[in-house]
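Down below is the structure, laid out as structure tokens.
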Amino acid sequence: MDTATTPGLEILFTRQQIHERVAEMGAEIIRDLDGEKLVMVGVLKGAALFLADLARAIKADATFDFVAVSSYGAGQRSSGAVRLIKDLDEPIEGKNVLIVEDILDTGLTLAYLRKLLLQQRPKTLRIATLLDKPSRRIEKIDADYIGFSIPNLFVIGYGMDYAEHYRNLPDICLLTPEHPE
Ligand code: IMP
Ligand code: MG
């Protein structure tokens with residue numbers, strides 16, 4: 001699937017813009033690590049592509065783990081309750097942990113995850129999000145590293161989905177009225 005050949009899409013951030021911003025984020029993260037090791041915790045599934053690229057921009061000793069969460073209730077509106085579907089594989093006590101998320105929206109997901117991971121007493125716990133939609137926030141939470149801050153738009157591509165589709169688009173896109181469905 002590619003952006004130019006898929007009808008009903010408008011590019012918000014090109015693959016080149018994403019690549020450059022992710023490289024900058026990697027450099028910021030390395031600087032803050034001070035030569036220590038890192039555990040990157042990706043939030044499935046949306047953050048998978050971002051984590052893959054961010055990991056390659058972090059020239060340090062980094063390991064991966066993944067969690068999966070789901071919010072109760074159907075549809076695009078979250079009911080507010082988040083539950084864990086997949087837990088960490090390895091303990092994180094005493095480690096430098098970076099949660100890697102695709103979008104910080106209402107903040108419900110990351111507030112839940114932060115609380116959960118803090119119970120394990122990591123040495124540090126930071127958050128990297130590719131996109132931030134500050135206008136939608138319900139829970140008071142900020143990311144330490146933000147790729148792009150955007151208004152209240154629904155985006156797809158580069159890991160992010162509409163009904164599980166479009167995750168493999170290389171660019172971050174908006175659906176236009178010409179979009180079929
Ligand atoms: P929050 O708990 O409201 O912050 O939810 C964040 C999650 O909602 C993200 O990890 C995404 O999976 C999903 N999400 C929020 N906005 C969008 C969007 O514009 N496109 C695709 N998924 C989104
Ligand atoms: Mg997500």
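Whatever order the structure lists them in is the order used to number ligands and atoms, beginning at 1.
- No more than 12 heavy atoms of other residues, nucleotides or ligands sit less than 6.0 Å from atom NZ of K37.
- Taking the charged nitrogens against the carboxylate oxygens, R21 and E28 do have a contact shorter than 4.0 Å, which makes a salt bridge.
- The shell of residues lying under 4.0 angstrom from ligand 1, judged by heavy atoms, includes K133.
- Using a non-hydrogen distance threshold of 4.0 Å, I156 does not register as a contact of ligand 1.
- With ligand atoms numbered from 1 in the order given, ligand 1 contributes 21 (C) to contacts under 4.0 Å with heavy atoms of D161.
- In this structure, G107 is part of the shell of residues with a heavy atom less than 4.0 angstrom from ligand 1.
- M40 pairs with exactly one of T63, I58, V97, I29 by the side-chain contact (heavy atoms from CB on, under 4.5 Å) rule, that one being I58.
- Residues meeting the side chain to side chain donor-acceptor pair (under 3.5 Å) test with R15, sequence neighbours left out: D2, D171.
- Note: H179 and Y166 meet the aromatic proximity criterion, with ring centroids under 6.0 Å apart.
- Considering each of T109, D132, V43, I141, the one bringing a non-hydrogen atom nearest atom 5 (O) of ligand 1 is T109.
- Residue V155 places at least one N or O, backbone or side chain, under 3.5 Å from an N or O of ligand 1.
- For the residue pair Y145 / D32, a side-chain donor-acceptor distance below 3.5 Å is found, with atom types taken as modelled.
- With respect to the Mg ion (ligand 2), D102 has OD1 as its nearest N, O or S atom.
- Listed by atom number, the atoms of ligand 1 under 4.0 Å from F154 heavy atoms are 17 (C), 18 (C), 19 (O), 20 (N), 21 (C).
- In summary, the atoms of ligand 1 found under 4.0 Å from a heavy atom of L153, numbered by their order in the structure, are 19 (O).
- With sequence neighbours left out, the side chain to side chain donor-acceptor pair (under 3.5 Å) criterion links R121 to no other residue.
- Near E101, meaning under 4.0 Å from any of its heavy atoms, are these atoms of ligand 1: 10 (O).
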